[in-house]
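We count ligands from 1, going down the list as the structure has it; atoms in each ligand are counted the same way. FYI, the numbering just counts along the sequence from 1. Just the heavy atoms: all of them, side chains too, but no hydrogens, waters or symmetry mates, feed the values below. Because the structure is predicted, anything quoted here is derived from the model rather than measured.
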Amino acid sequence: MEKLMVRGGRPLRGSVQISGAKNSAVALLPASILAESPVTLDNLPHLSDVAVYSDILQELGGSVTWNGETIVIDPSDMKSIPMPNGKVKLLRASYYLMGAMLGRFGEATIGLPGGCNFEPRPIDQHIKGFEALGAVVSNDHGSVRIVAKELRGAKIYLDVVSVGATINIMLAASKAKGSTVIENAAKEPEIIDVATLLNSMGAKIKGAGTETIRIEGVDSLHGCRHSIIPDRIQAATYMIAAAATRGDVLIDSVIPKHLEAVTAKLQEMGVHVYEMDEAIRIVGQPLYEAIDVKALVYPGFATDMQSPMTSLLTQTNGVSILTDYVYSNRFKHIPELTRMGARIRVEGRSAIVEGGPLTAAKVRAADLRAGAALVVAALTVPEGVTEIGGAEYIDRGYDHLVDNLRLLGAEVWRETE
Ligand code: EPU
């Protein structure tokens, strides 16, 4: 167990290179199961969740070779092995094994996913999709068992807009007989990334990135090479940290379009934001206006950026209201921020944040983005050292965070708890 130690108060300055997206990587890795020859993924982030997924693919009989940010997965010898326990429990995104194994082998037995459990995260829409495609889904001693003699295309309306369900249905439907239409699909950039990989593997998917996705099933899929999109949540976190420390940072290797919601909100507060082709420069200012933020599905302000944004809102001169319309209670960072002197109260699905200075404290990350929020908060504190326990949560989603922050001039280091 490790903790992050932060002596804040220094404006971040310089440039930071953003890695590939975690939430794409954890879908693209299992998507490779559907291929019958090697899949090469470039721009893979160095994250614990990615390492765990690579181990899972090897447990299934895949051969995995790493070379820097590139991974080659040869799925040809993979077998349909039940995965009730073990590594699948460490990840939320292990649910993608369901769609991928169903598509390749016609069956999957996967333990209920673990990961960041900031609130109950049901998978009923995933199951609804598999059943619509003709699979029989049952509970096998706490694992989800899914079996289909033959997957048949279907029209599936998602009752809630779900990233995971949209991707899982795309994975299975790529190998179904006939056409599938997903209505009310999620539109996140990671969905387009997965569809792009699957199409390069020979799938026939149209409409990814819109609310209607059409998939014409094919008999077989083959290997290909694909480069993962930049991580918009890591990028947004550095944008927010640069603003919070009144710094001047170039956030490089990003797709600025994916960050429009954050850019707009930062500008509304008074942060200077300059968009370039593949980079964004943030120039912090001494005073910020209080604003209201609504976390929504894409292209709205992402729920994953909500927690770091809460920390930035403590740096305004008024009262801000941040409402999360995706998760009703994703507020595990708030008691910890309160320990640091923040004046925040939760009312229903809103956090009401009164601006004011923060102080150093001993705090704990309860999940990945709650951890990111504490890092942003700690970077603003001019005196003392903030100790952030639970660094392993932060490692799930931030590639070389300590190195990157140090390059930007922050005083951050790791210690064993
Ligand atoms: N939902 C259901 N039923 C379902 C699926 C989802 O009710 O079957 C609800 C959820 O409870 C939630 C909403 O629908 O209220 C959206 O959930 P979604 O399925 O979109 O979330 P997810 O696919 O499980 C991904 C990201 C999360 C991110 C959410 C929302 C991955 C691996 N995870 O989760 O990322 O918060 O979309 O954008 O892609 C993170 O990176 O820290 C993280 C938690």
Side-chain angles (χ1 to χ4, degrees), residues 19-31 45 47-50 52-53 88 90-99 112-132 137 144 156-171 182 184-194 211 228-229 231-237 258 261 294-309 323-333 349 365-373 390 392-399:
S19 72
K22 169 188 85 103
N23 288 347
S24 270
V26 295
L28 298 170
L29 289 165
L47 300 171
S48 54
D49 274 14
V50 166
V52 171
Y53 233 124
V88 292
L90 300 176
L91 285 180
R92 175 84 195 148
S94 52
Y95 52 40
Y96 291 133
L97 291 168
M98 298 176 190
L112 279 169
C116 283
N117 288 320
F118 38 80
E119 69 170 51
R121 295 169 72 188
I123 56 165
D124 57 298
Q125 298 302 305
H126 304 231
I127 307 286
K128 170 178 163 171
F130 299 141
E131 287 177 338
V137 184
V144 182
I156 301 160
Y157 173 81
L158 294 180
D159 302 329
V160 288
V161 180
S162 159
V163 174
T166 303
I167 292 178
N168 237 338
I169 296 168
M170 284 197 318
L171 293 171
I182 311 174
N184 202 26
K187 297 185 274 212
E188 270 69 0
E190 292 75 19
I191 287 165
I192 303 178
D193 208 22
V194 176
E211 59 197 22
I228 301 177
I229 57 167
D231 194 309
R232 64 198 166 95
I233 314 296
Q234 287 189 57
T237 307
H258 293 171
K294 294 176 173 44
L296 295 162
V297 295
Y298 191 82
F301 190 95
T303 167
D304 298 333
M305 302 170 194
Q306 177 259 98
S307 333
M309 191 66 183
T323 308
D324 193 329
Y325 289 103
V326 179
Y327 293 107
S328 59
N329 192 20
R330 193 177 188 175
F331 290 130
K332 289 197 168 161
H333 51 297
R349 56 199 317 157
D367 61 64
L368 163 58
R369 308 301 170 190
E392 62 279 5
Y393 280 111
I394 304 173
D395 295 338
R396 304 177 69 138
Y398 291 89
D399 191 342

Which atoms of ligand 1 have any heavy atom of V160 under 4.0 Å away?
1 (N), 2 (C), 3 (N), 7 (O), 14 (O)
Using a 4.0 Å heavy-atom cut-off, which part of D124 comes near ligand 1: side chain, backbone, both, or neither?
both
May I ask which of S162, A186, A302 has a heavy atom nearer to atom 19 (O) of ligand 1 than the others do?
S162
Report yes if the side chains of M98 and V137 come closer than 4.5 Å at any heavy-atom pair, otherwise no.
no
If you measure from atom 6 (C) of ligand 1 to every heavy atom of G300, P122, A372, G371, which option wins on shortest distance?
P122
Run the numbers for me: atoms of ligand 1, each under 4.0 Å from some heavy atom of G164, listed by number.
19 (O), 23 (O)
Sub-4.5 Å side-chain heavy-atom contact between E131 and I156
no
For V26 and ligand 1, does the shortest N/O to N/O distance drop below 3.5 Å?
no
Quick one: does I233 get a heavy atom under 4.0 Å from ligand 1?
no
Heavy-atom distances under 4.0 Å are what count here, so tell me which part of Y95 touches ligand 1: side chain, backbone, both or neither.
side chain
Side chain, backbone, both or neither: the part of Q234 lying under 4.0 Å from ligand 1 by heavy atom
neither
Per-atom contacts of ligand 1 with L368, taking only distances under 4.0 Å to non-hydrogen atoms:
42 (O)
Quick one: does D159's side chain get under 4.5 Å of Q125's, heavy atoms only?
yes
Minimum heavy-atom distance between D367 and K332, given as atom pair plus value:
OD2-CB, 4.1 Å
Does E190 have a non-hydrogen atom less than 4.0 Å from ligand 1?
no
Can you find a pair of side-chain heavy atoms, one from E188 and one from R232, that are under 4.5 Å apart?
yes
Do the side chains of D49 and R396 get close enough for a salt bridge, i.e. N-O under 4.0 angstrom?
yes
According to ring pair (Phe, Tyr, Trp, His ring centres under 6.0 Å), who are the partners of Y157, at least two apart in sequence or on a separate chain?
none
Can you see which heavy atom on A27 is nearest to which on V194, and at what distance?
CB-CG2, 3.6 Å
Backbone or side-chain N or O of R121 under 3.5 Å from ligand 1 N or O:
yes
Among all residues two or more places apart in sequence or in another chain, which pass the side chain to side chain donor-acceptor pair (under 3.5 Å) test with D324?
T303, Q306
A student checking ligand 1 against R92 at a 4.0 Å heavy-atom cut-off should list atoms 24 (O)
Would you indicate whether the side-chain heavy atoms of Y398 and D231 approach each other to under 4.5 Å?
no
Indicate yes or no: does an N/O atom of A165 lie under 3.5 Å from an N/O atom of ligand 1?
no
Residue H126 vicinity, atoms of ligand 1 by number, heavy atom under 4.0 Å:
8 (O)
Name the option, out of D324, V163, N168, that contains the heavy atom nearest to atom 37 (O) of ligand 1.
V163
Ligand-side contact atoms (ligand 1) for residue partner Q125, heavy atom cut-off under 4.0 Å
3 (N), 4 (C), 8 (O)
Polar proximity ligand 1 side, T303 side, N/O cut 3.5 Å exclusive:
no
Heavy-atom check, side chain of Y96 versus side chain of N168, under 4.5 Å
yes
Out of K128, R396, R369, Q306, the nearest non-hydrogen contact to atom 40 (C) of ligand 1 is supplied by R369
Parallel under 30°, tilted from 30 to 60°, perpendicular over 60°: which one fits the rings of Y298 and H258?
perpendicular
Taking distance alone, with N or O pairs closer than 3.5 Å, would you say Y96 contacts ligand 1?
no
Using a 4.0 Å heavy-atom cut-off, say whether K22 meets ligand 1 through its side chain, its backbone, both or neither.
side chain
Within the 3.5 Å criterion, strictly below it, is a donor on E392 or S48 matched to an acceptor on the partner's side chain?
no
Give yes if a backbone or side-chain nitrogen or oxygen of V326 is under 3.5 Å from a nitrogen or oxygen of ligand 1, and no if not.
yes
